[in-house]
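Whatever order the structure lists ligands and atoms in, that order sets their numbers, starting from 1.
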Amino acid sequence: MSNLQAAENQKLQQEVVLPQRTTRKPRDYQQVSIYKDVNPLDWEDWHWQIKNRICTKDVLSQIIKLSPEEEKGIDKAKGRLSMAITPYWGMLLDPEDPTCPLRRQAIPVAEEFIVSPHEMTDPCAEDRDSPAPHLVHRYPDRVLLLSTDHCAMYCRHCTRRRLVGDHEEKEENAQNRFDAAIEYIKSNRKIRDVLISGGDPLILEDDALEDLIQKVRSISHVELLRLGTRVPVTLPQRVTEKLVNMFKKYSPIWISIHFNHPKEITKRCKIACDMLSEAGLPLGSQTVLLKGINDRPYIMKKLVHELLQIRVRPYYIYQCDPVRGTQHFRTPVAAGINIMEKLRGHTSGYAVPTYVIDGPGGGGKIPVGPNYILSQAKGKYVLRNYKGKIYTYLE
Ligand SMILES: *Cc1c(COP(=O)(O)O)cnc(C)c1O
């Protein structure tokens, strides 16, 4: 083992014994003055949660002690991608600590308004690869359908901030919005997989979501339907019996859920994930690598372990896309590779996601990770394992 690796391993050992910063018990909303009279049935009603989202400095400062950077950020973040936080998420915020990983994901700060070199409006060139409104077709056999511009909460690291936010959606005939996209999928028999994302598709009303799912499902060559969502994490109340029963009718549906930090895995979130699993929807996670939030191997390890416990299979870790105003979230690529090094072999294979960089300019997801092939000659591979021991494989 090299000195560097020994030093890294020692650091990892130390990190494991660090005191736990996360307290998993959310604050009791009835102890917070602005919510003390809220009826528990209202709190559990996802429409109530949406209607009562925290969108102003005034309301937020009654829940947590705002830092000057946050105050400046909230003032500046007017219009597109302005702040919107569900009261549920509000109760997960550390009231004192502005470095709280859930605060940083939800509350704008002044740094968001700095545009750094290499940053782009549409880093993955999705608009260029769009053959019909709301549709992105990049890979041969699958498409991405952007179902809405809205989310339960607006993440400050959003890669689609050019589209997403709490503005009025363009006046479009709701009935015909997706006609061209559906026609395109129908006429392209190579498309066997449709990923419905957004925005967050689970923010649509049951009828509108079912209508869209039904239209996609009725195309005979579409084998696989997937949903990309963060609602089980930001608004678990949205996952109702009625919703999961609707999903059952269109099985198989796979779901990718955006999880970034172990603190997001609450009892309430587990209930939502259990309902989806028990309705037969396989769950995967998507995680964005974020500086100061989940860029330490021990945090990521804790996250993937806890995901398996709620039956969510870690799927992807994304390098934070070079989207405008996200410099303060971006880590070096080496941080991601180091995390993969500390996972593979050291823990269950099911706990190990794939770390990808979405090739800027439309390259699609490119896997990156530690190198395990040391050399390769005719009929011979020299490999190393997770401990750094060397093995030769003869073909
Ligand atoms: C991520 C993505 C997909 C799905 O990719 P998988 O690797 O199959 O999960 C499809 N289309 C676009 C444009 C994407 O960005």
Side-chain angles (χ1 to χ4, degrees), residues 120-149 151 155 157-164 178 180-182 184-202 212-213 216-217 219 221-232 252-260 276 281-290 304 307 312-324 326 330 336 340 349-369:
M120 291 169 266
T121 307
D122 178 18
C124 304
E126 291 180 332
D127 295 342
R128 193 199 61 203
D129 284 346
S130 177
H134 315 295
L135 198 68
V136 184
H137 191 186
R138 166 153 308 147
Y139 300 105
D141 69 337
R142 55 208 189 280
V143 289
L144 171 64
L145 182 60
L146 304 175
S147 60
T148 168
D149 296 347
C151 290
C155 299
H157 53 275
C158 182
T159 198
R160 267 182 219 124
R161 61 201 301 142
R162 71 185 188 283
L163 305 173
V164 168
F178 302 109
I182 297 290
Y184 179 86
I185 301 168
K186 264 190 194 149
S187 63
N188 195 327
R189 301 191 57 84
K190 285 196 189 122
I191 299 171
R192 42 162 290 287
D193 174 1
V194 177
L195 167 52
I196 302 177
S197 183
D200 198 315
L202 266 60
L212 183 58
I213 289 176
V216 175
R217 199 20 110 216
I219 302 170
H221 53 271
V222 174
E223 300 165 6
L224 186 63
L225 231 165
R226 292 196 263 174
L227 297 171
T229 179
R230 201 173 194 194
V231 148
I253 300 180
W254 289 56
I255 296 201
S256 293
I257 308 174
H258 180 172
F259 277 99
N260 290 336
L276 293 165
L281 292 92
L283 308 181
S285 68
Q286 316 197 73
T287 297
V288 184
L289 183 59
L290 297 168
V304 293
L307 286 172
V312 177
R313 162 74 156 103
Y315 182 42
Y316 280 134
I317 294 176
Y318 295 104
Q319 173 67 9
C320 182
D321 288 329
V323 67
R324 290 162 75 94
T326 56
R330 210 151 21 253
M340 297 311 295
Y350 272 127
V352 184
T354 306
Y355 173 46
V356 293
I357 299 182
D358 218 318
K365 298 176 183 71
I366 303 168
V368 276

Problem - Ligand-side contact atoms (ligand 1) for residue partner Y315, heavy atom cut-off under 4.0 Å - result: 6 (P), 7 (O), 8 (O), 9 (O)
Completion exercise
d(C124 SG, I357 CD1) to nearest 0.5 Å is 11.0 Å
Handout entry: From K365, R138, R142 - option closest to atom 14 (C) of ligand 1 by heavy atom
Key = K365
Completion exercise
Within the 4.0 Å heavy-atom cut-off, what R226 brings close to ligand 1 is side chain
Handout entry: With S197, the side chain to side chain contact (heavy atoms under 4.5 Å, CB included) member among R226, Q286, R160
Key = R160
Practice task
Identify, by atom number and element, the atoms of ligand 1 in contact range of V136, meaning under 4.0 Å from any of its heavy atoms.
Solution key: 13 (C)
Practice task
Report the part of H137 in contact with ligand 1, treating N, CA, C, O as backbone and CB onward as side chain, heavy atoms under 4.0 Å; options are side chain, backbone, both, neither.
Solution key: neither
Problem - Cationic N near anionic O, under 4.0 Å, D200 to R230 - result: no
Practice task
Before signing off on this row, confirm whether Y316 and ligand 1 have an N or O atom pair separated by under 3.5 Å.
Solution key: yes
Practice task
Heavy atoms only: give me the nearest N188-H137 pair and the separation to one decimal.
Solution key: ND2-CE1, 3.6 Å
Practice task
Could you grab the distance from atom OG1 of T326 to atom CE of M120, nearest 0.5 Å is fine?
Solution key: 10.0 Å
